[in-house]
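Read the structure below first, then the notes.
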Amino acid sequence: MSTTKPARAMVGSASAAFIQRDDGRVLLVHHAGTGFWVMPGGKADAGPHCGETPHECCEREGREETGVPVTAGRLLVVQWLPIGRNGAYANNPFACHLFVFAASIRPDDMPRIRVPEEELLGWDWWDPQQAVASMDTTNARLLMAAVAAATGDQRAPLYLEEGFRAGGAAR
């Protein structure tokens, strides 16, 4: 019998900004690496002292991917992404909690939205129902959960799990 403890799983965090106009359209960015449309967001910076919080990550990633200040509000969705294949990424080396916050951009800043050319192909305001056809399954599910939480159709925060069952079937 071995007395060696198994190594702890490395778990990261990421955040996304759910930015919705009064007409119901949501801001999505066109990811260069995957070719899909997604909510602005990304992984938390490690940094000193355990890095940034999910809320700080949402505002930083939102600003980096839109070129304008983004203010994160209430938490809408938390999604668990295990080690392995997630969404459009071929291999996710670490498990991750993804936090989606209701976020906003000041109306005067909207005409100044610009995306980083090396990371994103563009941006646009989408009707959420139409957007899912241009998204991978994981991000489409996440967007629809954010819509449900933001509109009050479901009580926020919602919790999603992404993963695969034995035999490779998605759950």
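Within the structure, salt bridge (charged side-chain N to carboxylate O under 4.0 Å, His left out) pairs that include any residue of residues 61-81 comprise Arg60-Glu64 (at least two apart or interchain). Here salt bridge (charged side-chain N to carboxylate O under 4.0 Å, His left out) pairs that include residues 109-121, with residues two or more places apart or in two chains, are Arg106-Asp109, Asp109-Arg112. Evaluation of the ring-ring contact (aromatic ring centres under 6.0 Å, His included) test over residues 129-161, restricted to residues two or more places apart or in two chains, returns none. Residue pairs meeting the ring-ring contact (aromatic ring centres under 6.0 Å, His included) criterion with at least one partner in residues 99-118, sequence neighbours excluded, are His55-Phe101.
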Go through it in stages, so that I can follow the logic: the residues are Asp136 and Thr34, the test is side chain to side chain contact (heavy atoms under 4.5 Å, CB included), and I'd like the CA-CA distance, side-chain angles, deciding distance and then a yes or no. CA-CA 9 Å; Asp136 67 276; Thr34 66; 5.7 Å; no

Stepwise side chain to side chain contact (heavy atoms under 4.5 Å, CB included) check, Leu81 with Gln79: CA-CA 6 Å; Leu81 299 166; Gln79 184 177 38; 3.9 Å; yes

Intermediate values then yes/no, side chain to side chain contact (heavy atoms under 4.5 Å, CB included), Leu142 and Val100: CA-CA 8 Å; Leu142 188 61; Val100 179; 3.7 Å; yes

Test log, rule side chain to side chain contact (heavy atoms under 4.5 Å, CB included), inputs Met144 and Gln129: CA-CA 8 Å; Met144 296 317 295; Gln129 297 296 330; 3.0 Å; yes

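Here Ser134 pairs with nothing under the side chain to side chain donor-acceptor pair (under 3.5 Å) rule; sequence neighbours left out. For the side chain to side chain donor-acceptor pair (under 3.5 Å) test, no residue two or more places apart in sequence or in another chain qualifies with Asp124. Residues that satisfy the side chain to side chain contact (heavy atoms under 4.5 Å, CB included) test with Leu121, not counting sequence neighbours, are His30, Ala32. Take Ala145 and apply the side chain to side chain contact (heavy atoms under 4.5 Å, CB included) test, not counting sequence neighbours, and it matches Val77, Leu158, Leu160.
Val70 and Val115 fall within the same hydrophobic cluster, where Ile, Leu, Val, Met, Phe, Trp and Tyr residues are linked whenever their side-chain heavy atoms come under 4.5 Å apart, directly or through other members. Hydrophobic clustering of Ile, Leu, Val, Met, Phe, Trp and Tyr side chains at less than 4.5 Å, counting indirect connections, unites Val29 with Ile105. Transitive grouping of hydrophobic side chains (ILVMFWY, heavy atoms separated by less than 4.5 Å) keeps Leu28 and Ile113 in distinct clusters.
Under the 4.5 Å side-chain criterion, counting only non-hydrogen atoms from C-beta, Leu76 is not in contact with Pro157.
Between His31 and Trp37, the ring centre distance reaches or exceeds 6.0 Å.
With rounding to the nearest 0.5 Å, the separation of CD in Glu59 from OG1 in Thr71 is 5.5 Å. Going from atom OG1 of Thr66 over to atom CH2 of Trp123 covers 9.5 Å, rounded to the nearest 0.5 Å.
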Please tabulate, for side-chain N and O atoms in residues 11-26, each donor-acceptor pair with protein atoms closer than 3.5 Å (sequence neighbours left out).
from	atom 1	to	atom 2	distance (Å)
Ser15	OG	Pro54	O	2.7
Gln20	NE2	Gly24	O	2.9
Arg21	NE	Asp23	OD1	3.3
Arg21	NE	Asp23	OD2	3.4
Arg21	NH2	Asp23	OD2	2.7
Asp23	OD1	Arg25	N	3.0
Arg25	NH1	Trp125	O	3.2

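What you find for Trp80 and Ala95 is that their closest heavy atoms are CH2-CB, 3.2 Å.
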